[in-house]
Structures are given as C-alpha cells and as structure tokens.
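Numbered from 1 within each chain, the chains take letters A, B, ... in sequence-line order.
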2 protein chains.
Amino acid sequence: MTSTLGYAILAVLARRPRSGYDLAAAMNRPMGYFWTAGHSQIHPELQRLVAAGLASFEQVPGPGPQGKKIYSPTAEGLAALRRWVVEPPQSRPERDEMVLKTYASWVADPAELVRLFREELAAHERRLSAYEKERDALPEVPAHGSQAFGSYAALWCGISYERHRIAWCRWMIGQLGVDR
Amino acid sequence: MTSTLGYAILAVLARRPRSGYDLAAAMNRPMGYFWTAGHSQIHPELQRLVAAGLASFEQVPGPGPQGKKIYSPTAEGLAALRRWVVEPPQSRPERDEMVLKTYASWVADPAELVRLFREELAAHERRLSAYEKERDALPEVPAHGSQAFGSYAALWCGISYERHRIAWCRWMIGQLGVDR
DNA sequence: CGCCCCATGTAATCGGTTACATGATTGA
DNA sequence: TCAATCATGTAACCGATTACATGGGGCG
C-alpha cells in the first residue's frame, strides 16, 4: 500500500499525533536505533500519505512560515498499519562493514585489529547501558496491547543484540592476543 | 580512497583472482551473508578500481563476446585494503524492519503476531544450521593470518547473531501466548 | 536446434543523504 | 537585537536494485 517509510511514520503517529518536525525528532531518538529518516524524507512522505488517505493533518498556529501541521493516521491508515505489522518482512540484504573487515582481517596487522575491536567493544557497551536505562524506565512486564509493550520488546531485542556484539568483540580480542 | 564496495571487491580478490562473474557469485554466497552486490554494480566498480590503480586484469579466452577478464589486486590495492580493514567503520544507520514491526506490534492481533514470529524463528534456525555446517568444514581454530581465520571469525559472528535472534523470537512468542 | 550457463556491460529507477532555502517564535 | 529552536519544504547527488541488451560455449 505504501513504502516501509510510510509505515514507520504511521507507527509513530499511531502512538500520538504530531508535526513533521516532531516526527523527525522521534525518528532520531529513540526510534533511530532501528529506523531513521531525515525531515527531507519525512515531509514528502507525509504528503503522499495524505494523498493516499492514510493520514490527515490539522493546521494550527505556531512557528514557521505557515504555522504547523499536526498529522494523525486516518482509520484507513491504522487498518493498513495493523495489516502490515503481521506481514512477513521483505528481506533486505545485510551489509555489515565490521564483518566485512573481519572477513578480510587476515591481511591486517593484529595489534591494529585489537585496537579496532576495543573501540567497537566500548561503543557497544555504551549503547547497552543506554538501552538498559531506557528499559528500566518502563513497567516490568508491560501489558501486550499497550504502547509500552512495543517499546519494551524493541528494547529487549536491542539489549540482546548489543550483548551478542560485545561477546563477539571480546572473542576477537582474545583470539588476536593469544599467539604473539 | 575508494568506496566500501571497492574494498569488498578487493577483499574477495585478495583471496584469489577471479572474473567479475565469479566475483558476483562469491558476493551472493557465502559473502552475501554480510555484503552483497549484483554484477551490474560490480563491473563498473572494477573499471574504477583499475582506473585508480588498485586492481588489474588479464584477458583470457573463454565464453562471452570478448573472452573473460581475470582481476587481481595490485600491490597498491592490497596496501589500501590493509589500511582500510583497521579503520573504524563509518556508522550507517540501522534499519531493521522486524524491530519496526515489533515497535508497532501493540496495534496488531496477537495470534497473527505469534505466526509471524514462528516463521521468523524457523528462518533463523535454518540459517544457524547453514552457518554451523560451514564452520564445521573449517579447521577448529584457524591460525590468525590465514584466510580461514577471516571466514571463521565472520561465521562466529553470524552464529552468535542467529542465536540472539532465535532467543528474541522465542521470548516474543512466549510473551504473546501467556495471557490468552 | 534450443536451452542453460558463462560472461560483460548499460539504462532506468528508487530510497536515502546532504545541501540549499525560507521564515516565525522564544528567550537571553 | 541576536541566537537558538521550531517549522516546512526543494534540489542535487549517490549507492543499490531492476530491467534491458548482447553473445559465446557446452550439452542434450
């Protein structure tokens, strides 16, 4: 019906109507952990959603040349989101630069590789702390059907991912340090 | 010096010189697990690498209108690859459609969600088996500095990732099944 | 003879990023 | 009055995907 970006926008608007500006801010953080979009992508997509009858807006006074527009999903937009959520995801090809470097790591200097993976390890540890802090601000086991459940489940995935990545970095550092 | 695609190509050619066709095949499997490129992307990039002095080719007879071209990295190309491997990766924004669906899952039907995550779980279990099979074909602990080390370390990451994803799917299925 | 695999290329299109452009409100 | 923040948009560019285009070699 619409692009994945369109559904990402509907997913945010379904939680609370807001302006394109606030939408861009939400897609920076916290949603930016798993989906990002700049305002130059969001504004045209909002126009398309309105044209397709999936979203509507209310013009209210405020800053900016023409005031601001508060967007909401229409009933049709909400129904489309509900359908899209349970559809199988379209597989997009993986592109992981760190794994690519690892694949070619046999040509590189081990000491430099250890430095690289130590930096990577520290970055993932920082992200893990940030995720855990956000999770601890949510109810222990949010009821399914509540917005908090969506946030909690996404954070669970992020925390698990960072732990996997941390374990990998530690293993690499151990391997590279062993025989030298 | 060149694009990430260029380094991906150099990483494959550093293991063994080959034609653009074989390069495309390698980037489909097994390398396609973490980096992909079609032949329509590879051929122009090879021309750029040659123009930049990072790769060279030898024309040999074979099928195709003008025979085939076997590409190799030049000494300069290998040096560039060695430098690139230990540089910090340029952070590309995450885009995970499954997590996006999860974030919006509070609007959807729980029974349909369970079906979705069961399908996802099965797909990750299949991939895990494939990775483990490939890993078992490699030496137990490949010596660092050998090509097998790069393959082994990339597979270690893939296996760890699939396990993380499997744990997440199982947790989601458990959560959605509990209270109904 | 026809089909599949090998082999190399270009063109059109699409999603996303960066840069350009404008202007109102708020508060120091 | 000046700067930061709020606010909305367009244009240029870039990487990647899909489609178009050509043709040789091997095999049934």
Side-chain angles (χ1 to χ4, degrees), chain A residues 1-9 12-13 17-29 31-32 34-51 55 57-71 89-97 100, chain B residues 1-9 12-13 17-29 31-32 34-51 55 57-71 89-97 100:
Chain A
M1 197 76 161
T2 182
S3 65
T4 308
L5 173 62
Y7 290 115
I9 288 174
V12 177
L13 294 182
R18 61 193 99 192
S19 67
Y21 183 88
D22 290 335
L23 210 38
M27 288 215 178
N28 198 330
R29 199 184 65 89
M31 200 193 189
F34 51 88
W35 204 272
T36 38
H39 75 277
S40 67
Q41 223 185 332
I42 287 170
H43 287 297
E45 185 65 35
L46 281 169
Q47 290 167 21
R48 277 189 288 270
L49 287 173
V50 170
F57 66 88
E58 192 196 351
Q59 195 115 19
V60 301
Q66 314 95 21
K68 62 172 165 176
K69 299 173 180 172
I70 303 296
Y71 291 87
Q90 51 181 78
S91 59
R92 19 174 81 238
E94 293 281 343
R95 271 198 190 81
D96 191 321
E97 198 175 319
L100 180 58
Chain B
M1 197 78 162
T2 182
S3 64
T4 308
L5 173 62
Y7 290 115
I9 288 174
V12 177
L13 294 182
R18 61 193 99 192
S19 67
Y21 183 88
D22 290 335
L23 210 39
M27 288 214 177
N28 198 331
R29 200 186 65 88
M31 199 193 189
F34 50 89
W35 204 272
T36 39
H39 75 276
S40 68
Q41 224 185 332
I42 287 169
H43 287 297
E45 186 64 34
L46 280 169
Q47 290 167 20
R48 276 190 288 270
L49 287 173
V50 170
F57 66 89
E58 193 196 350
Q59 195 114 20
V60 302
Q66 314 95 21
K68 63 172 165 175
K69 300 172 179 173
I70 302 296
Y71 291 88
Q90 50 181 77
S91 59
R92 22 174 79 239
E94 294 281 344
R95 271 197 191 83
D96 190 322
E97 198 176 317
L100 179 57

Exactly one of B/R48, B/Q41, B/Q47 clears side chain to side chain donor-acceptor pair (under 3.5 Å) with B/E45, and that residue is B/R48

Figure out the CG/P separation between B/L23 and C/dC6, and round it to whole Å.
-> 15 Å

Using a cut-off of less than 4.0 Å, is there contact between a side-chain N or O of B/Y21 and OP1 or OP2 of C/dT8?
-> no

Could you tell me the separation between the CE atom of B/M27 and the P atom of D/dG15, rounded to a whole number of Å?
-> 15 Å

Mind calculating the distance between NZ (A/K69) and C1' (C/dA24) to the nearest angstrom?
-> 15 Å

Hey, is the side chain of B/Q41 poking within less than 4.0 Å of OP1 or OP2 on D/dT17, counting only N and O atoms?
-> yes

Distance (rounded to the nearest 0.5 Å) between A/I42 CD1 and A/D22 CG | 10.5 Å

Give a yes or no answer on whether the side chain of B/R18 reaches the backbone of B/L13 with a donor-acceptor pair at less than 3.5 Å.
-> no

Side-chain donor/acceptor contact of B/S40 with base of D/dT18 under 3.5 Å = yes

Of C/dG16, D/dA7, C/dT8, the nucleotide closest to the side chain of B/K68 is C/dT8

Return the value, rounded to whole Å, for the distance between atom NE2 of B/H43 and atom C1' of D/dG23.
-> 14 Å

Starting at CD of A/E45 and ending at P of D/dG9, how long is that distance when rounded to a whole Å?
-> 14 Å

Out of C/dA7, D/dT17, D/dA7, whichever nucleotide has its closest atom nearest the side chain of B/T36 | D/dT17

Selected nucleotide, minimal atom distance to A/R95 side chain, candidates D/dT17, C/dG9, D/dT8 | D/dT17

Picking from D/dA16, C/dG9, D/dT5, the nucleotide nearest the side-chain atoms of B/Y71 would be C/dG9

Spatial distance of atom NE2 (A/H43) from atom OH (A/Y71) [nearest 0.5 Å] = 7.5 Å

Looking across every strand, which nucleic acid part, if any, lies under 4.0 Å from B/G38 by heavy atom: base, sugar-phosphate, or nothing?
-> nothing

For A/Q59 and D/dT8, what is the distance between atoms CD and C1' respectively, to the nearest whole Å?
-> 10 Å

Interatomic spacing from CD1 in A/I9 to CG in A/L23 - rounded to 0.5 Å | 5.5 Å

Selected nucleotide, minimal atom distance to A/Q47 side chain, candidates D/dA16, D/dG9, C/dG9 = D/dG9

Can you tell me how far P of D/dG15 sits from CZ of A/R92, to the nearest Å?
-> 17 Å

Rounding to a whole Å, what distance do you find between A/L46:CG and D/dT8:C1'?
-> 11 Å

Taking the side chain of A/P44 as heavy atoms from C-beta outward, which of D/dT17, D/dT10, D/dT8 is closest to it?
-> D/dT10

